[in-house]
Amino acid sequence: AFTKAELDGASWFFIERDEAGSYIGAIKGTNIYVWTTADGTFCTVTNNGASYLTGTAQNNYHFRSIQDTTIITNKTVTTAMLAAGTFVANSVATLKLLTLVETFSYTVTIQNVEATVTAQNNTTFDDMLLYDAGDVDTNHHLIDKIKSVIEAQHSASNAAFAGRWYLEGYNNSIVIKRGTGANAVVTDYSAVTGTPLHFEIDARGGPNNTALEVFEDDVTDVYKLPLESFTDHNVRVLNSDSAEDDYHVKFVAYDTTLNRGRGYWKETVARDASPGLNATTMPYQLENTGALTFAFNPISWKAREAGDDVTSPIPSFIGFPVQASFFYSNRFGVLSQDNAIFGVSNDTFNFFVKSALTQVDSDPIDLNVSSVRPVTLSDVLPSPQGLLLFSARQQFQVYSTDVSILTPTTAVIRTLSNYEMATDIAPVDVGITASFINRVPGYSKLFTMQLRDVEQSPLVVEISKIVLE
């Protein structure tokens, strides 16, 4: 049992489970306590999120129960993204051999030093691209010549070639990598062990200089990618001079043991973009794992799967505290500042687009109330006409313009009314109306709001007028 002093100043919440039973809970300091409402039985809570419980007042927390899970939001915690990926530009190059014709010359220029070979009538793609220590020919085999040139520059102590170079041969391409370490040329397909290093490269072949091409970090068309590569080889596809239509792909090898060879290119997140939300700064979940057991854990937020900050924008709540969570129209959402952010449809806890190539109806929705007044949204209530949004001085409605599902292209916000509301008391729905409290010196007012058609103003009634003061 607890004394009154031990729970003084706690943040209390209620979990309604109907037939499954209801619970009352409290957050005091970094601890969570839960009791059954039927007989006050004390429940066991496995607390794996004590560091998130930094609130000191009842209004520092928001609670939203969805089935057997209660989302707990600490309104004082500023949200953040995970650290962006590390990326050294121009540290990996791919030479792609397009045509192989007798007497054609093929030249690769690395750090302003040329490596040139000439094809013979019996020269094959394998001869040009796959290193064979037992069949070295620096006059007619491209990979042999490249290896020879780099080793010669090492012997000459050319600082532009310092480090370990990695040559990987595939059926129609050569991958060249450079990293820190003792001077060497590695041909055994081993991974770069040091820090990747930048290098310049160019290539040409044939009479029209089109028989051999090269790229490092970017290609202008997806068809310029080779048929084979190494797992997680990340390349940006530049569709035009605008960053808005760029996308990134990574290579997935069929052979998951060697992690190279044949495979396919799959859309992925940019090399230097954050992989997703920092779960320690986002709302946590209290899950009912048994009749008398609960677990408080960080939420497993869905990782960013595609794009960069331009094509897969960072949610507008990042850098600000989340004020409340909700679930509406098959989307999990949050309120932050004057924004309402809806996650991916039917993909709970995902706030990122699934593809940078095209927008789909299930993509996230990020809306701003666009009010001329300072607004901090505090809570929501669902209704048949849309989602009601509440703040201290204004009320808003989110709805779909085509009276169907909520999508990024059909979702809009409009201002409903300008009533003051006590944000520390959550609005509730009663029948077909929404009720909220307004405080004035000496007493409080109780208002009900009933929505009508989308273009009509709501009916707002102060029902506390009939109560004697």
Side-chain angles (χ1 to χ4, degrees), residues 7-15 24-34 45 47-66 69-81 277-287 296-299 301 314-328 331-343 348-349 351 366-369 371 373-382 387-396 398 420-428 436-439:
L7 293 178
D8 184 44
S11 298
W12 295 87
F13 59 97
F14 185 72
I15 303 174
I24 189 168
I27 297 176
K28 179 64 185 293
T30 59
N31 297 310
I32 298 182
Y33 307 109
V34 178
V45 178
N47 187 350
N48 297 314
S51 61
Y52 184 70
L53 303 177
T54 58
T56 57
Q58 174 73 38
N59 200 39
N60 289 159
Y61 293 101
H62 179 272
F63 305 93
R64 179 74 65 192
S65 292
I66 304 172
T69 299
T70 298
I71 308 298
I72 298 180
T73 301
N74 186 339
K75 303 178 188 179
T76 68
V77 174
T78 299
T79 58
M81 298 285 286
L277 304 174
N278 185 337
T280 64
T281 67
M282 293 292 292
Y284 278 49
Q285 62 182 2
L286 179 65
E287 186 178 4
F296 183 62
N297 295 301
I299 292 173
W301 301 95
I314 293 174
S316 61
F317 57 73
I318 292 298
F320 302 96
V322 170
Q323 298 297 318
S325 63
F326 60 88
F327 193 80
Y328 179 74
R331 296 175 183 266
F332 177 81
V334 299
L335 303 179
S336 179
Q337 300 296 101
D338 55 351
N339 299 300
I341 306 95
F342 300 75
T348 308
F349 307 139
F351 284 98
D366 203 323
L367 300 174
N368 183 274
V369 298
S371 174
R373 302 180 180 184
V375 172
T376 298
L377 298 174
S378 60
D379 220 324
V380 306
L381 281 178
L387 184 68
L388 288 173
L389 309 179
F390 295 87
S391 71
R393 293 179 178 84
Q394 284 183 289
Q395 294 75 46
F396 305 88
V398 178
E420 292 190 0
M421 187 191 96
T423 57
D424 59 340
I425 301 177
V428 296
F436 59 93
I437 296 293
N438 166 256
R439 287 198 184 99

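Heavy atoms only: backbone and side chains are in, while hydrogens, waters and symmetry mates are out. Quick note: residue numbers are just sequence positions, from 1.
- The closest side-chain heavy-atom distance from Leu387 to Leu381 is not below 4.5 Å.
- Looking at Val322 and Thr281, their side chains never come closer than 4.5 Å, going by heavy atoms from C-beta outward.
- Across every non-hydrogen atom of Ser51 and Tyr284, the tightest pair is OG-OH, 4.4 Å.
- Side chain of Thr79 to main chain of Phe317: a donor-acceptor pair is present (N/O by atom type, distance under 3.5 Å, no hydrogens or angles).
- The side chain to side chain contact (heavy atoms under 4.5 Å, CB included) test with Arg64 singles out one residue from Phe327, Phe332, Phe326, and that residue is Phe326.
- Put simply, the side chain of Asp366 never gets that close to the backbone of Ile341: no donor and acceptor are under 3.5 Å apart.
- The CZ atom of Phe63 sits 5.5 Å away from atom CD1 of Ile72, with the distance rounded to the nearest 0.5 Å.
- The side-chain heavy atoms of Asn438 and Met421, taken from C-beta on, include no pair separated by under 4.5 Å.
- Atom CG of Asn339 is separated from atom CZ of Phe320 by 8.0 Å, given to the nearest 0.5 angstrom.
- In summary, of the residues considered (Ile425, Asn59, Asp424, Thr423), a side chain to side chain contact (heavy atoms under 4.5 Å, CB included) with Ser378 occurs for Thr423 alone.
- Under the 4.5 Å side-chain criterion, counting only non-hydrogen atoms from C-beta, Ile71 is in contact with Ser325.
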* Take Leu53 and Ile32 through the side-chain contact (heavy atoms from CB on, under 4.5 Å) test and state the conclusion after the steps. => CA-CA 9 Å; Leu53 303 177; Ile32 298 182; 3.6 Å; yes

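- Taking both residues in full, the closest heavy atoms of Arg393 and Gln395 are given as C-NE2, 4.3 Å, listed atom of the first, atom of the second, then distance.
- Glu420 CD to Ser391 OG: the interatomic distance, rounded to the nearest 0.5 Å, is 10.0 Å.
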* To do: Could you go through the side-chain contact (heavy atoms from CB on, under 4.5 Å) check for Val34 and Ile24 one step at a time?
  => CA-CA 6 Å; Val34 178; Ile24 189 168; over 6 Å; no

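- Side-chain contact between His62 and Asp379 is present, with at least one heavy-atom pair separated by less than 4.5 Å.
- The nearest pair of heavy atoms linking Phe13 to Ala26 is CE2-N, 3.5 Å.
- Side-chain contact between Phe342 and Val334 is absent, with no heavy-atom pair separated by less than 4.5 Å.
- Contact annotation: the side chain of Leu389 approaches that of Leu335 to within less than 4.5 Å [non-hydrogen atoms, C-beta and beyond].
- Ring orientation note: the planes of Phe351 and Trp301 are tilted relative to one another, at an angle of 30° to 60°.
- Between the side chain of Thr76 and the backbone N or O of Asn60 there is no donor-acceptor pair closer than 3.5 Å.
- Across every non-hydrogen atom of Leu377 and Ala340, the tightest pair is CD1-N, 4.2 Å.
- Exactly one of Asn297, Asn47, Thr73 qualifies for a side chain to side chain contact (heavy atoms under 4.5 Å, CB included) with Tyr52. That residue is Thr73.
- Listed for the Gln58 side chain is a donor-acceptor partner under 3.5 Å among the backbone atoms of Trp12.
- With no hydrogens or angles considered, no side-chain donor-acceptor pair links Ser371 and Asp338 at under 3.5 Å.
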* Hey, mind stepping through Thr69 and Leu286 against side-chain contact (heavy atoms from CB on, under 4.5 Å) and telling me if it holds? -> CA-CA 6 Å; Thr69 299; Leu286 179 65; over 6 Å; no

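- How far CE of Met81 is from CG of Leu277: 5.5 Å, rounded to the nearest 0.5 Å.
- The shortest non-hydrogen separation linking Pro283 to Ile299 is O-CD1, 3.3 Å.
- For the pair Phe436/Leu388, no side-chain contact is recorded, criterion being any heavy-atom separation below 4.5 Å from C-beta on.
- A distance-only check finds no donor-acceptor pair linking the side chain of Tyr33 to the backbone of Ile27 [under 3.5 Å].
- For Lys28 (side chain) and Asp8 (main-chain N/O), a donor-acceptor pair under 3.5 Å exists by modelled atom type.
- Note that the CD atom of Gln394 and the OG1 atom of Thr376 stand 11.0 Å from one another [nearest 0.5 Å].
- With rounding to the nearest 0.5 angstrom, the OG1 atom of Thr56 is 8.0 Å from the OH atom of Tyr61.
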